[in-house]
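First up is the structure itself, then whatever we jot down about it.
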Amino acid sequence: MSEKTTLIKNAKIVNEGRIFNGDVLIKGEFIVQIEDSISAKSSDVVVVDAEGKLLMPGVIDDQVHFREPGLTHKADIASESKAAIAGGITSFIEMPNTNPQTTTIEKMEEKFDIASKTAFANYSFMFGGTNDNLDEILKVDPRSVAGLKLFLGSSTGNMLVDDPQVLEKIFKSTNMVISVHCEDETTIRQNLQEHIEKYGDDIPINKHPIIRSEEACYLSSSKAIELAKKTGARLHVFHLSTGKETHLFSNKKPLKDKKITAEVCVHHLWFSDEDYDKKGTLIKWNPAVKTKTDRKQLLEALLDDRIDVIATDHAPHTLKEKQNNYTQAPSGGPLVQHALPALLEMYHQDKISIEKVVEKMCHNPAILFQIEKRGYIKEGYYADLVLVDLNNPWTVKKENILYKCGWSPFEGTTFKSRITHTFLNGSLVFNNFKFASASAAKRLTFNR
């Protein structure tokens, strides 16, 4: 059977800091030609007219929780990767705090096996570090696994790595990217106890950023950075939430040469503590959404390249779970379907350029994790591509939310931009709210 050929005509191509008009020819899984104008050589070529639309590389989300195995009443790899595709995210890296946790090679391979059968987007997983699994960490093949994830805060119970000697050993022993969740456990417990004594179980939700405070974040991230400098480890600090932490990072080197990098998530760029009164526990995340000043400083650090990547930290819970009181309501929310539209809304608000959105959501995750042949619109690269209509407004409603949990913190928000087509490995898998019947997803590979 001959390879399928698709020609995308008249697109505004966004790539490597430029926007230019052009055509893109896809053969099989790959981009084979990018020119000002390409004509279809035969009637077998499928032509997609992209007149007036942006053509971006597919987004690479380096931090999601898809809840499989073990927590599939909230989400699963099939449902959430489908929602991701509708949101222009073509590749995801999923976290180890499932049930059972991904802290042995065997459990990780079981996840890869599930994804190979059900994922709708390209996939990889992070291997979880604990206080006692260094032997397993050393067996991980860096060419086939995204990296290592360590929780230095209480987000996930017994995945907390709180033994300083173990932590130093892990930092010294691996060349893989070590991604960390940084919140100081002692500080949080102390703050929580004080609030319980004052309010009992009915702690007001707007106290969340005071309990999971700036101090808790800064203390933990500064320690992790200190250890990375001491050991020479390759450190990536997930989901910065405070302006103070942004000063721990540098823009003096290009990303490919950095040993210490940072990420910000969509919710920390969009919401502030003023939204708790209206949104309640729906915007309860760890680390917490903080002040308007923090939000402003996070955006500044993103724009001047101290922060390298934008991710979602997509972490669904059921609405019933979220509607508990403060101490019982879990932290986290679904975001993959709405992350890119939210960033494009920030473009409409003159807060960020389209080129910068593509750099932080597409190019930089590929550079940071050394992902093979993805994250760019280049000849010889996989055709993971997204067409966006910048002027086609739609409102987030229950009936168009694709997450298994059925809700979104963006419900009621009208976005000006709409993702109209998503191509995955050369196949058109999403076309104006309709999905292809078969998945075209592949396991991510890494140039290491």
Side-chain angles (χ1 to χ4, degrees), residues 59 61-102 111 114-115 118-121 123-126 128 149 151 154-157 159 181 205 208 238-239 241 263 265-271 275-276 279-289 310-324 326 328-342 396-413 435 441:
V59 171
D61 191 348
D62 78 357
Q63 191 191 176
V64 303
H65 303 262
F66 283 175
R67 306 301 191 201
E68 190 170 6
L71 303 162
T72 51
H73 68 287
K74 302 176 198 262
D76 55 51
I77 288 170
S79 64
E80 307 314 282
S81 61
K82 226 171 187 182
I85 285 288
I89 293 168
T90 52
S91 299
F92 66 85
I93 297 171
E94 208 261 353
M95 298 298 109
N97 52 324
T98 43
N99 185 17
Q101 293 165 341
T102 320
K111 266 183 152 177
I114 295 166
T118 66
F120 223 73
Y123 54 91
S124 192
F125 297 97
M126 285 209 184
K149 171 74 184 281
F151 290 92
S154 62
S155 234
T156 49
M159 277 195 74
H181 177 130
I205 180 65
H208 189 52
F238 271 161
H239 47 45
S241 64
E263 164 201 289
C265 290
V266 176
H267 44 285
H268 292 120
L269 292 171
W270 186 276
F271 298 104
D275 296 305
Y276 284 114
K279 295 281 182 182
T281 53
L282 296 186
I283 62 164
K284 185 188 183 199
W285 277 281
N286 297 344
V289 167
I310 301 168
T312 66
D313 193 13
H314 173 93
H317 299 284
T318 66
L319 202 49
K320 193 179 174 188
E321 288 166 334
K322 287 296 265 184
Q323 283 166 342
N324 277 309
Y326 176 80
Q328 298 303 307
S331 292
L335 278 167
V336 287
Q337 188 184 347
H338 304 107
L340 179 56
V396 181
K397 298 176 188 160
K398 280 264 186 280
E399 51 269 30
N400 58 29
I401 290 169
L402 296 167
Y403 313 125
K404 195 174 190 176
C405 67
W407 65 274
S408 163
F410 285 109
E411 220 164 307
T413 304
F435 290 92

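We number each residue from 1, following the sequence as shown. What's counted below: heavy atoms across the whole structure, side chains too, no hydrogens, waters or symmetry copies.
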Check your understanding: Which residue pairs pass the salt bridge (charged side-chain N to carboxylate O under 4.0 Å, His left out) test when at least one of the two sits in residues 78-91, sequence neighbours left out?
Key -> none

Practice item. Tell me, please, which residues at least two apart from A342 pass side-chain contact (heavy atoms from CB on, under 4.5 Å). Key: V266, W270, F410, F415

Point to revise | Residues that H338 engages under ring pair (Phe, Tyr, Trp, His ring centres under 6.0 Å), provided they are two or more places apart | key: W394, Y403

Exercise for review: Drop me the distance from I85's CD1 to S91's OG, to the nearest 0.5 angstrom.
Suggested key: 8.0 Å

**Study point:** Distance-minimising heavy-atom pair for A441 and F120
**Key:** CB-C, 3.9 Å

Practice item. Under the salt bridge (charged side-chain N to carboxylate O under 4.0 Å, His left out) rule, collect the residues that match up with K279, sequence neighbours excluded. Key: none

Practice item. Return the set of residues passing side-chain hydrogen bond (donor to acceptor under 3.5 Å, both in side chains) with T90 (not counting sequence neighbours), or none when no residue passes. Key: none

**Study point:** Under the side-chain hydrogen bond (donor to acceptor under 3.5 Å, both in side chains) test, residues paired with T281 that sit two or more places apart
**Key:** none

Practice item. With the side chain counted from C-beta on, respond yes when H73 and E321 share a heavy-atom pair under 4.5 Å apart, and no when they do not. Key: yes

Study note, to complete from the structure: Residue set satisfying salt bridge (charged side-chain N to carboxylate O under 4.0 Å, His left out) with E94, at least two apart, ordered chain then number -> K111

Check your understanding: Counting distance only, does the side-chain N/O of S79 pair as donor-acceptor with the main-chain N or O of A75 below 3.5 Å?
Key -> no

Check your understanding: Between H317 and S331, is there a donor-acceptor pair closer than 3.5 Å when you use the side chain of the first and the backbone of the second?
Key -> yes

Practice item. Give a yes or no answer on whether the side chain of T72 reaches the backbone of E68 with a donor-acceptor pair at less than 3.5 Å. Key: no

Practice item. Show your working on side chain to side chain contact (heavy atoms under 4.5 Å, CB included) between D275 and V289 and close with a plain yes or no. Key: CA-CA 9 Å; D275 296 305; V289 167; 5.7 Å; no

Exercise for review: Identify the two heavy atoms, one from T318 and one from W407, that lie closest to each other, and give their separation to 0.1 Å.
Suggested key: C-NE1, 3.9 Å

Revision key, fill the gap. With sequence neighbours left out, the residues meeting salt bridge (charged side-chain N to carboxylate O under 4.0 Å, His left out) with K284 are none

Review point. What heavy-atom pair brings L340 and G88 nearest, and what distance separates the two atoms?
Key: CD2-CA, 4.4 Å

Point to revise | Qualifying residues under side-chain hydrogen bond (donor to acceptor under 3.5 Å, both in side chains), relative to H208, sequence neighbours excluded | key: N286, Y326

Review point. Is it true that a side-chain atom of Q337 and a backbone atom of L402 form a donor plus acceptor pair closer than 3.5 Å?
Key: yes

Review point. Do you know which two heavy atoms are closest between I283 and P409, and how far apart they sit?
Key: CG2-CB, 4.2 Å

Exercise for review: Using salt bridge (charged side-chain N to carboxylate O under 4.0 Å, His left out) as the criterion, list what pairs up with K322, not counting sequence neighbours.
Suggested key: none

Check your understanding: Mind checking what makes ring pair (Phe, Tyr, Trp, His ring centres under 6.0 Å) contact with F92, not counting sequence neighbours?
Key -> F66

**Study point:** side-chain hydrogen bond (donor to acceptor under 3.5 Å, both in side chains) against E411, all qualifying residues, sequence neighbours excluded
**Key:** K398

